[in-house]
Amino acid sequence: MTRYFENGTGELVPDALAGFARAHQDLVDYDLADGYVTARHPAPTRTVGLLSGGGSGHEPLHAGYVGAGMLDAACPGRVFASPHNRQIFRASRAVAGPDGVLHIVKNYTGDRINFGIAAERLADAGIACGRVLVDDDLASDSEAVAAGRRGTGATVLVEKVLGGAADTGMGLDALVDLGTSVAGRCRTLAVASAAHHAPVTGEPAFELPSGELEYGVGIHGERADHTRSQKQVGVLVEDMTGVLLDALCPGPDDPVVALVNGLGSVTSLELYGIFGELGRVLDARRVRLVRHLVGDYVTALDMRGFSLTLMVADRTVLDFYDAPVHTPEWRW
Amino acid sequence: MTRYFENGTGELVPDALAGFARAHQDLVDYDLADGYVTARHPAPTRTVGLLSGGGSGHEPLHAGYVGAGMLDAACPGRVFASPHNRQIFRASRAVAGPDGVLHIVKNYTGDRINFGIAAERLADAGIACGRVLVDDDLASDSEAVAAGRRGTGATVLVEKVLGGAADTGMGLDALVDLGTSVAGRCRTLAVASAAHHAPVTGEPAFELPSGELEYGVGIHGERADHTRSQKQVGVLVEDMTGVLLDALCPGPDDPVVALVNGLGSVTSLELYGIFGELGRVLDARRVRLVRHLVGDYVTALDMRGFSLTLMVADRTVLDFYDAPVHTPEWRW
Amino acid sequence: MTTTAFDTTQTRDWMRRFAESVYATEAELTELDQKVGDGDFGTNLAAGVRAAGLLLDRTGGPADSAKELGAMATAFLDEIGGTSGPLFGLLFQALSRAAADSAADPGGGLTTGALAEGTAQGLAAIRRVGDAVPGDKTLVDALTPAAAALRAAEGTPPAAALAAAADGAWQGVRDTASLTARRGRASYLGDRVTDIPDPGAVGVALFFASAAATVHTLAPRLSTG
Amino acid sequence: MTTTAFDTTQTRDWMRRFAESVYATEAELTELDQKVGDGDFGTNLAAGVRAAGLLLDRTGGPADSAKELGAMATAFLDEIGGTSGPLFGLLFQALSRAAADSAADPGGGLTTGALAEGTAQGLAAIRRVGDAVPGDKTLVDALTPAAAALRAAEGTPPAAALAAAADGAWQGVRDTASLTARRGRASYLGDRVTDIPDPGAVGVALFFASAAATVHTLAPRLSTG
Ligand SMILES: Nc1ncnc2c1ncn2[C@@H]1O[C@H](COP(=O)(O)OP(=O)(O)O)[C@@H](O)[C@H]1O
Ligand SMILES: Nc1ncnc2c1ncn2[C@@H]1O[C@H](COP(=O)(O)OP(=O)(O)O)[C@@H](O)[C@H]1O
Ligand SMILES: [Mg+2]
Ligand SMILES: [Mg+2]
Ligand SMILES: [Mg+2]
Ligand SMILES: [Mg+2]
């Protein structure tokens with residue numbers, strides 16, 4: 001109780017979920033026993049339930065995106081720890097449609113393991129279950145990382161697109177294909193100028209010398225594999241965007257969607273400044289920026305940093321992205 | 001450039017506004033020369049333009065609330081410095097309706113002075129101008145503070161209610177009366193467990209010993225008039241709510257609206273936990289909580305704290321509050 | 001020649017030294033305002049003198065003292081927000097008006113009488129708009145003794161009169177250290193902040209002191225010991 | 001009697017000492033995981049032993065070693081997320097199954113053979129699910145030598161065999177310090193983190209070491225000097 005406003009270690013997540021459930025009782029139900037959140041008004045046209053989950057501390061991900069047009073259920077784990085398989089299994093059973101349930105999983109070992117065990121149990125129970133793995137983080141795109149790229153900011157884009165698609169009645173296999181294809185066309189890079197604070201100790205998860213940037217940081221306070229000195233934000237964004245574009249190589253006619261995402265305690269002033277720089281860089285490179293989001297979508301507790309995500313879309317993907325959504329934290 | 005992502009001192013606000021204007025060009029226009037933001041699609045039924053403004057660093061206040069159903073214009077000053085009178089004068093002239101323009105002003109000396117000078121100039125130009133002063137902060141409710149209570153979190157509630165009212169075609173005098181009455185029925189209290197960081201130096205604006213809370217902090221890093229030791233959040237919220245209710249004394253049938261507001265870098269987990277506690281306290285005291293908001297509405301850069309605002313409403317006020325709104329940061 | 005009135009060059013030098021003093025002490029002013037306010041006073045004041053300089057660049061510079069002071073007034077009133085920006089603007093506006101009046105008199109230039117009159121008028125306007133009285137721990141506490149010193153010095157040359165005004169202002173600044181603020185952001189702190197002088201008052205003292213020389217650091221002038 | 005197999009009381013004492021060791025070293029484990037991961041390993045492991053304790057309270061406690069280990073398996077598999085939670089659960093599940101098998105044998109109880117078999121099966125399951133190989137800097141690096149030591153100790157009493165397993169595990173832990181992680185969160189750090197042992201591996205060593213005595217602090221066991 002030095003920095004976090006909480007009732008005690010370990011109470012942060014359950015207390016938050018209770019408050020969240022009351023705040024949004026018109027939109028979501030909260031299963032207290034098994035600790036998952038479900039949508040109250042899913043589209044009747046859906047044949048597949050959409051479920052995601054992962055460690056807490058990334059709010060609004062995932063519970064904030066449960067509702068019409070997006071997720072049918074979210075399974076929040078403890079802070080930075082994947083949900084356990086029972087939670088995932090029970091939530092999946094609760095929201096599975098006639099064509100089963102789709103798991104949207106960020107690529108982290110813990111999430112893969114727990115979603116994997118839950119999938120085995122679902123198969124055992126005769127419930128069809130598919131998986132879309134999100135692995136957009138460029139910083140972990142290296143031979144040395146056997147686990148593969150991490151899943152980060154792109155998760156919200158994948159959830160939104162799949163939500164729009166599921167509302168059309170699309171079946172499980174088609175959703176898996178679509179989601180896998182969309183996830184494959186997203187890349188993210190994240191930087192931080194200060195670490196998040198560990199809830200248990202109230203202390204920064206790591207120390208960064210003043211003027212240094214953690215370049216390629218993860219969303220759990222995993223440090224990046226290197227630091228670099230802080231530059232003007234225009235230069236920084238230009239560098240980051242260059243790396244993302246090199247990985248994605250959008251064609252001149254490809255519509256691109258951008259997410260400028262705050263990791264926790266970067267100010268809205270900075271995020272909009274960063275978006276301005278991103279727009280300039282994309283204009284100069286003749287990239288067709290057709291949609292954008294600016295705000296805190298996938299956080300890392302109170303980390304002081306931001307991530308840039310680019311998604312190469314097409315007409316179909318954009319239609320699903322534009323489809324109506326009504327969740328606690330995303331509405332149009 | 002040690003902590004803030006920016007292009008240099010003094011560029012934070014103009015760069016942010018440029019990015020904001022591009023991000024929300026479907027909703028707002030940005031006058032670069034005079035530095036104000038206007039709504040692109042105000043309701044044709046309005047006869048009075050609604051304008052607010054103040055120092056930057058409180059985002060989404062005010063520019064994030066420019067749009068249909070809320071503000072017609074916002075004048076952002078430098079970080080924590082009120083806008084200058086020319087900015088206010090020009091923006092007022094741009095959005096004044098046939099029945100004039102209404103200034104929603106947070107009670108701070110600088111804002112009063114600059115809005116005051118602008119009002120003189122508007123009178124001179126033959127434009128009717130009214131003012132609603134928001135002064136909800138309980139911590140500055142003291143004989144010793146000659147300037148009176150500060151204006152803080154309630155500002156967004158007043159802006160929303162007046163927006164709904166203005167859309168009905170309500171005239172200037174009636175809006176002033178309504179706004180003044182609504183502002184008078186709002187009280188706020190804010191606490192922080194860590195200071196914001198000054199953009200110029202990147203250092204905390206003040207040091208708080210670990211385990212201490214700044215109790216009654218302002219939204220510019222003005223320290224509170226005392227600190228107290230950090231308690232469980234349930235105890236803290238109970239204390240704060242008690243003080244607010246003592247000041248407002250809602251009757252058993254009065255509908256009450258609550259705002260649980262993050263000041264910058266408090267996590268969404270904590271804010272929902274706080275809302276849960278607030279709900280419990282209000283239930284126990286049989287206060288009729290009819291509406292609520294949970295999130296970052298009025299911030300103090302990256303201050304680690306939150307504020308609680310209670311508004312005693314009535315049927316009319318609730319109708320205006322519930323009216324449709326479509327701004328960059330508030331939509332329903 | 002310099003004994004009875006400031007000519008344009010002297011006024012311009014004074015304004016330039018004031019700008020220099022503000023830039024030189026910006027960090028110290030920031031620190032003071034961080035202790036009793038929100039830390040932006042130094043930035044606000046620097047933005048004002050910068051805006052005035054840019055304004056004069058654009059218009060090709062002033063032809064007389066009144067216009068030099070008028071540029072300061074326009075810059076601070078029109079471009080600078082915050083609490084102190086328009087208040088300083090009101091002071092400069094009154095000084096500019098007094099300078100214009102005295103320029104019309106035989107002898108012309110910026111006389112001690114004009115300085116006394118302009119400062120008195122500026123103080124009155126600031127008190128009207130900001131509602132502060134002496135003792136509230138604001139810039140009024142430096143401007144009041146400065147105005148009194150100028151009035152008492154009528155008949156003496158402007159340089160001497162302004163030196164007396166600066167002395168009075170610095171004393172006013174030091175006196176604010178022991179006051180409990182009742183106006184401005186510092187007032188919210190109650191009795192928590194003591195022994196810190198008011199930043200706005202320091203700004204006023206800087207202004208008068210710069211008539212004689214640039215102020216490169218505040219520290220020696222703030223110590224009451 | 002204690003020479004050929006652990007009875008229920010001995011297994012229960014082992015599990016209790018393990019819980020105690022976890023609580024006692026939670027802060028040290030947190031610190032380790034902060035350096036190479038995300039700082040929650042200590043919390044996750046503590047949540048697991050706590051959940052197992054609560055489960056046994058609810059069910060009135062176990063009747064035999066297999067059920068004692070089974071409670072651990074259920075708690076970790078069903079209640080604990082994170083990477084390590086279900087992996088530890090798989091180890092306990094395999095040990096519980098082996099214990100149940102050996103209890104059916106004449107002589108009964110938890111024999112060294114059952115411990116060796118269960119650990120080998122657990123290791124295999126962990127490798128199947130988590131895809132790690134020795135040298136990836138994970139808990140596999142402690143579990144592999146522990147499994148080998150148990151296999152080599154078949155025929156000796158469980159207490160001696162588990163002591164050998166603990167020695168092997170601690171050595172495995174110390175060896176991870178010089179490895180570059182390829183799995184788990186630590187892998188994202190590349191070569192930036194060296195000389196820090198893997199927290200999950202420490203958890204495995206704690207488990208085997210607790211058969212003999214509670215571990216109150218990690219420090220002496222981690223130093224390679
Ligand atoms: N009501 C007032 N009348 C006169 N001067 C005031 C008043 N309130 C504040 N001041 C002066 O303004 C100074 C602060 O200016 P500045 O930092 O620009 O304003 P803000 O408080 O808006 O950040 C204070 O140090 C004080 O001298
Ligand atoms: N693929 C894997 N296979 C086996 N063990 C692993 C693997 N990845 C990580 N681990 C182990 O898990 C430990 C971390 O556990 P924990 O902190 O609970 O997980 P998380 O990384 O999800 O926070 C690591 O120290 C390592 O021993
Ligand atoms: Mg974790
Ligand atoms: Mg200010
Ligand atoms: Mg200030
Ligand atoms: Mg971990």
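In what follows, every chain begins at residue 1, and chains take the letters A, B, ... in the order their sequences are listed. Note: hydrogens, waters and symmetry copies are ignored here, and every other heavy atom, side chains too, is used.
- The aromatic rings of Tyr297(A) and Tyr65(A) sit parallel to each other, their planes meeting at less than 30°, with 60° as the upper class boundary.
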Full working for salt bridge (Lys or Arg N to Asp or Glu O under 4.0 Å) between Glu20(D) and Arg16(D): CA-CA 6 Å; Glu20(D) 215 188 323; Arg16(D) 283 192 182 153; over 6 Å; no

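- Heavy atoms closer than 4.5 Å to chain A are found in the side chain of Leu87(D), but not in its backbone.
- Using a 4.5 Å cut-off between heavy atoms, Thr43(D) contacts chain A through both its backbone and its side chain.
- Asp78(D) touches chain A through backbone and side chain together, each having a heavy atom under 4.5 Å away.
- For a residue to count as touching a neighbouring chain, one of its non-hydrogen atoms must lie under 4.5 Å from one of that chain's; by this rule Phe80(A) touches chain D with backbone and side chain alike.
- Taking the six-membered ring for Trp and thresholds of 30 and 60 degrees, His226(A) and Tyr215(A) have ring planes inclined between 30 and 60 degrees apart.
- For chain D, the nearby part of Arg121(A) is the side chain; its heavy atoms alone come within less than 4.5 Å.
- Neither the backbone nor the side chain of Glu203(A) comes within contact range of chain D; no heavy atoms are under 4.5 Å apart.
- Between Glu159(A) and Leu50(A) there is no side-chain heavy-atom pair separated by less than 4.5 Å.
- For the pair Phe206(A)/Glu214(A), a side-chain contact is recorded, criterion being any heavy-atom separation below 4.5 Å from C-beta on.
- Side-chain atoms of Ser265(A) and Asp302(A) include no donor-acceptor pair closer than 3.5 Å.
- Of the residues considered (Gly216(A), Ala81(A), Ser140(A), Ala146(A)), Ala146(A) shows the highest number of contacts with chain D, using heavy-atom pairs under 4.5 Å.
- Per-residue heavy-atom pair counts under 4.5 Å with chain D were compared for Thr109(A), Val79(A), Ile113(A), and the maximum is reached by Ile113(A).
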